[in-house]
Amino acid sequence: MLNDQKTKPKAPRKWKAMLLVWLTIYPLLNLFFPLLDPYIGQFSLPLRLLIMTIIIVPIMSSILAFLHKKLFSWVRA
C-alpha cells in the first residue's frame, strides 16, 4: 500500500500576520477614538480602553478573517 504524504501548509510569516493585524486595528482606532470620545471621555483611561476593546476587537476579528481569506496565498508565501 502506498503511503500518501500530503504536504503540510506553510505557517504564515509572522511579519505578514503582524502587518495584517496592524492594517486592521490602526484604522479602526483612528475611526472609533474620535467618534466615542465625547461619550466616554470622562471615564478613566482603563475604563475607556476596556470599552474601546469591547467594540473594536469583534470588528477587527471579522475584518482580519476577511483579509486572511483574500490574501491567503500572500500570507502563506
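As a basis for the values below, the full set of heavy atoms in this structure was taken, side chains included, without hydrogen atoms, waters or symmetry mates. Because the structure is predicted, anything quoted here is derived from the model rather than measured.
- In the hydrophobic cluster analysis, where Ile, Leu, Val, Met, Phe, Trp and Tyr join through side-chain heavy atoms closer than 4.5 angstrom, Ile54 is grouped apart from Val57.
- Smallest separation of non-hydrogen atoms from Ser61 and Pro58: OG-O, 2.9 Å.
- Side-chain contact between Ile40 and Met52 is present, with at least one heavy-atom pair separated by less than 4.5 Å.
- Summarising the geometry, atom CG belonging to Leu20 is positioned 9.5 Å from atom CH2 belonging to Trp15; distances are rounded to the nearest 0.5 Å.
- Ile55 CD1 to Met60 CE: the interatomic distance, rounded to the nearest 0.5 Å, is 14.0 Å.
- Residue Met18 is not grouped with residue Val75 when hydrophobic side chains (ILVMFWY) are merged at heavy-atom distances under 4.5 angstrom, including chains of intermediate members.
- By the neighbour-count criterion of 12 heavy atoms within 6.0 Å, atom CZ of Phe66 is sparsely surrounded, having that number or fewer from other residues, nucleotides or ligands.
- Rounding to the nearest 0.5 Å gives a distance of 10.0 Å between CG of Leu67 and CH2 of Trp74.
- Expressed to the nearest 0.5 Å, how far NE2 of His68 lies from OG1 of Thr24 amounts to 7.5 Å.
- Ile25 CD1 to Thr53 OG1: the interatomic distance, rounded to the nearest 0.5 Å, is 9.0 Å.
- Between the side chain of Asp37 and the main chain of Phe33, no donor-acceptor pair closer than 3.5 Å is present.
- Clustering ILVMFWY residues whenever any of their side-chain heavy atoms sit less than 4.5 angstrom apart, transitively, puts Leu49 in the very cluster that holds Leu31.
- There is a path of hydrophobic side-chain contacts, each under 4.5 Å, that joins Ile56 to Ile59.
- By the ring pair (Phe, Tyr, Trp, His ring centres under 6.0 Å) test, Tyr39 is found to be paired with no residue, residues two or more places apart in sequence or in another chain being considered.
- At most 12 heavy atoms of other shown residues, nucleotides or ligands fall within 6.0 angstrom of atom CZ in Arg13.
- Within the model, atoms CG of Leu64 and NZ of Lys69 stand 13.5 Å from one another, a figure rounded to the nearest 0.5 Å.
- For the side-chain contact (heavy atoms from CB on, under 4.5 Å) with Phe32, the qualifying choice from Asn30, Leu29, Leu28 is Leu28, the only one to do so.
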